[in-house]
Every structure is written in structure tokens, then in C-alpha cells.
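So the structure is just underneath, and the comments pick up after that.
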There are 2 protein chains.
Amino acid sequence: MPNLLNTCTSHSGNRDFNHCSNCRLSGICLPLSLEFSDIDRLDAIVQKGKPLQKGEILYRSGDDFTAIYAIRSGAIKTWQTSREGEIQITGFHLAGEVIGLDGPATNRLSNSAQALQTTSVCAIPFSKLESLSRQVPGLQRNLLQLLSREITSEQRHFGLLGHASADTRVAALLLSLSARHERHNLSATRFTLPMSRGDMANFLGLTLETVSRVFSRMQKQQVITACGKELEILDSTALHNLAHHSD
Amino acid sequence: MPNLLNTCTSHSGNRDFNHCSNCRLSGICLPLSLEFSDIDRLDAIVQKGKPLQKGEILYRSGDDFTAIYAIRSGAIKTWQTSREGEIQITGFHLAGEVIGLDGPATNRLSNSAQALQTTSVCAIPFSKLESLSRQVPGLQRNLLQLLSREITSEQRHFGLLGHASADTRVAALLLSLSARHERHNLSATRFTLPMSRGDMANFLGLTLETVSRVFSRMQKQQVITACGKELEILDSTALHNLAHHSD
DNA sequence: CGCCCAGTTGAAGAATTTCAAACGATGTGG
DNA sequence: CCACATCGTTTGAAATTCTTCAACTGGGCG
């Protein structure tokens, strides 16, 4: 399918989608509730690169931290590797979300990031963002909020990983994806999963087989329909019940 | 035991411990590598309260977010409550660590915080900190670093919760506490656990009984000695091996 | 055409949880 | 001062859930 958000990349008009002020994600991205003039200043430091192809690596664990990345379209997975080489997926990130927030900790990225499908991102050089946010309080606030949200969303994930059944974990992930689609006025009940079963499993602290079995069970119970990565949520109430640790 | 850090609270001398510049935690706390004059400006907004007693609540989930808290001494646990009322402990925090970083996300605290022992904290009003950090780039950097470190440390916890055995989880927690004691030039091999077995279990995504069994096993294998909350690490190599998922 | 990859399904196994009982320390009231 | 209740912890045995190992399927692609 064509990447609508990027059809304007080539021409130089001022009113194309290639500026924060016209980006349809400005309502949920870093520019949120900034003045127009401030958005333009942010816009000036943001670098729009060419789209990443599926499988392309955006950055690797250990890379110098220079920028954070706002996802314009597509999907990215981030992960860490333990000393023993085991990987742990730390998140799936969709349009409007910002990644690289682990960088300021040590000035090196601790996660790696890879496109799960064709994905375009805005790179926001961090030192420039830092100095701009010193001058634009609203931007400073948004930046801190971004980091803090990452903290709370990870903490919410603790609950899943710590105390939830396999059904609950899978249901929670599906609902989270669903909700994030809805924010973009996309269908909350029908969408395609950007990641493999194995990725879901890793993220959820399960095995691939368990995730597959949960999918089968949910289909048998008419809660979802899954054909490969195409997902339809048939009974969102039931899914919510599952996500909240009932049986 | 007397709380040395607070013996000076009453008199008004300039060179007591009641200022960031003289706090023995300044090497790991927010003032890290700031100029003296800037530390004084930070100092001016920091509020040192009276110590919390064991069990006292510092803040509750849902409270308005007004300040972050630096722990001067003692220990604090933070947790969240799910919709169903299940609690998930999100962290144990020792001297030199900062909590409340979940606040900026929504301007309400999503965690609750409770003292696990007598604990004194500095409250740092966030709006003042925000404006001061606009003027002091080093402070802005430290603040962002603080949030980012929280993100990475939580991500590291994912690995444990997702893919580690009970032994590994417990070993990792003990080593984490040990390392944090060492930073304060306290014994890395002998200290008292501030939290209950149940708290450890909850944090690690296990049951109280499992944690207890792991403790027993580790004692049988001469890796640790645990008498109630008094812990001694006998074989730190073995503990490290356990923490890295071997058997 | 045949290989490979992602996913599904089955059966056996392992680890943790659950349920239950008992312990020691601490604190309270008779 | 002792009996009794409580709390945090330990330990045992059974139950459960998830994992592991293995075989099989179907689509995509050289």
C-alpha cells in the first residue's frame, strides 16, 4: 500500500506534510500544544529521512546517542540483548510514538530498533532539542512528559509480565494495539499485526507456541479472527475481560 | 540507629549536611557535576522534610504531582494498583535515588510510595525544578538523564520478569541491592533487606513461597546466609552465576 | 518443484503456584 | 506472667500452567 504520509517528500512546497505543523501526528507528537512559531522552530531541527524498509535497522544497542526518533508511519520494534545474548523486546512502536528515550541515560542507546514494515521516522537531534526546549517551556514540558510516559507505560507492563496468565498477556497486547490504532482514526477492530508470533511472545514473556495456542483458543471462542497477521476483534468485551485477568 | 544525615537539621550553620552541596549523596543525586553556584540555586528550592517512619506513606497513586523526591537515607517501595486491585511493586529505592518520575506523564502520580524503614527525603518542587533547569543546562541534562535511567533500568527488569527462572530473579535482586550498597561504601556482602519476602516476590513476579524456597536453597548451597532480613552473601561468584540464568 | 520460514498442534515434562500446615517472634489481654 | 492471637516466614504435597520437544502444515520464492 502507498505511504501517503510521504508522497510529498520530493517537492519543496511549504504546505506539504513534511513539516511538523502539517503533520497529521502533531496532535500526539512532540509539538503537542505548542505555538505555531515554536512548532516552526522545532520543525527546523527535525530531520525527515527516507523511509526504512521492513527489516531495516534504525539504530543498534551501543550506538552513540545523537537523536530521538518520532515515527511518522509504520512500526518499529525495540529490544535489548542480555549479557548471555538473550534478546528481550522492549516495545512495539507505532505512528506518533517516539523512540530512543533510553539514550540520555548514558549517551549510548541501550536498545536496538528495527522497522517491522515500511516505516518513516523523523530524527530529532537531541542536543538541539535540549537547547530549544530551554527556550520553549512547552517543549521542555512535552519532552519530560514523553520520558515520563515511557516510564509509566513500562511500569504498566510490569503487571502483565509479573502476574498475568498467557491469555491476559495476549489480550492486553491486542487491546493496546487496537487502542493505538483508534487514536489515528483507524479501525480498532480490524488491523494487521506488524510483528511475528515470536516477537509477541518474547515481548510478553511467553513462548511462541503459547501465543499461538492462545490465538487458537480465542478464535475457537469467537473472540478474534486471525488469519496470519490479519486480525479482527469480534468480541471486544470478551477481550477486555480476558485482559483483566478473569478466566 | 541514629540517622546521621539528619543530626544537623536543627541548627542553621551553613556547613551542615542539610544542603545539597554538603550532602554526601551529591555525587549520585541531581546536583551531580553542577557548579557550586548552581548547586546552591538547586539547594534553594529543595525542601528537606522530617523523616518518614517505617510504613509511612510519602504519596499515593492519584495524588497531584507537585514534586519529585530524592531519598537521603532509608528505603522506599513504590507500587501501582491495577483495576482489579492487584498491586504490582514497581521498585525499591535506596539513598541517592529519586522517585516520583512517573508524575510528569499526567501530572498525577501513578505510583504510591511507602517508607520501608525510617527514611528521609528531599522534596524538589517540579515546576521550580523545571524553570531552574531551563537556566542551568547541566541540571536539565541531569534531570533528563534521571528519567532516562529510570527507563533503562525498568527495561532491564523486563528481561527478568519475562525470561528468568526464580533463582535468577532473586539472585539479580540481591546483587542489585548489593551493588547499590557498595556505591555508598557500605558492605556489599552484608546488609539488611528492607522489604518482606512478599514484597520481593511481588516485585519479581513470583509468589512469596517461591522466594522463600529460593532463599532456603541458596542457603543450603552456601551462597548466602539469611536470618530474617539480615543477609550475608557468602559466594558472590555463585550468586552472579545464578543471576545470569545458568543453573 | 522443492526448500524454507512462520505458524500450528500434540504430548510429555518441568517449573512455579496453590493449598495447607506449622513455626518463631512479637504483642495483647486476662 | 502466661495464654492466645497475629504476622511473616518456612516447608510439604498436589495441582496447574506453561515450556519443551517434535511433527506437521501451508504459503512464498528461488
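Note that these values count all heavy atoms, side chains included, but never hydrogens, waters or copies made by symmetry. First the proteins, then the strands, lettered A, B, ... as listed; each starts at 1.
- With rounding to whole Å, B:R217 atom CZ is found 9 Å from C:dA15 atom P.
- Remark: P of D:dT19 and CG of A:L206 are 5 Å apart, rounded to the nearest angstrom.
- A:M200 places its CE atom 14 Å from the C1' atom of C:dA6, with the value rounded to the nearest Å.
- Protein atom CG of B:N202 is 12 Å distant from nucleotide atom P of C:dT17, rounded to whole Å.
- The residue among A:K229 and A:G162 whose nearest nucleotide of DNA chain C is located toward the 5' end is A:K229.
- We find that CE of A:M218 is positioned 18 Å from C1' of C:dT9, with the value rounded to whole Å.
- Rounded to an integer number of Å, the gap from A:H163 NE2 to C:dT18 C1' is 15 Å.
- Backbone-only engagement by B:S196 is indicated by non-hydrogen atom pairs under 4.0 Å involving sugar-phosphate atoms exclusively.
- The side chain of A:S216 contributes no N or O atom lying less than 4.0 Å from OP1 or OP2 of C:dT8.
- Applying the 4.0 Å criterion to OP1 and OP2 of C:dT9, one finds that A:S212 has every side-chain N and O outside that range.
- Using a cut-off of 4.0 Å between Lys/Arg side-chain N and Asp/Glu carboxylate O, A:R180 and A:E97 are scored as salt-bridged.
- Rounded to whole angstrom, the span from the CG atom of A:L231 across to the P atom of C:dG7 amounts to 13 Å.
- Of the two residues contacting DNA chain C, namely B:A166 and A:T210, the nearest-nucleotide position lying further toward the 5' end is that of A:T210.
- Between B:F203 and B:H157, the ring planes lie parallel to each other; the angle is under 30°, not in the 30° to 60° tilted range.
- Distance CD (A:Q219) to P (C:dG7): 13 Å, rounded to an integer number of Å.
- Using cut-offs of 30° and 60° on the angle between ring planes, the pair B:Y59 and B:Y69 is parallel.
- Within 4.0 Å (heavy atoms only), A:L208 reaches at least one base atom of the nucleic acid.
- In this structure, B:D63 does not pair ionically with B:R108, as no charged nitrogen and carboxylate oxygen lie closer than 4.0 Å.
- Residue-to-nucleotide contacts include a donor-acceptor pair under 3.5 Å from the side chain of B:R213 to the base of D:dG12.
- A salt bridge links A:D167 with A:R217: at least one charged nitrogen is closer than 4.0 Å to a carboxylate oxygen.
- Considering only the side chain of A:R197, C:dT8 comes nearest among C:dT18, C:dT16, C:dT8.
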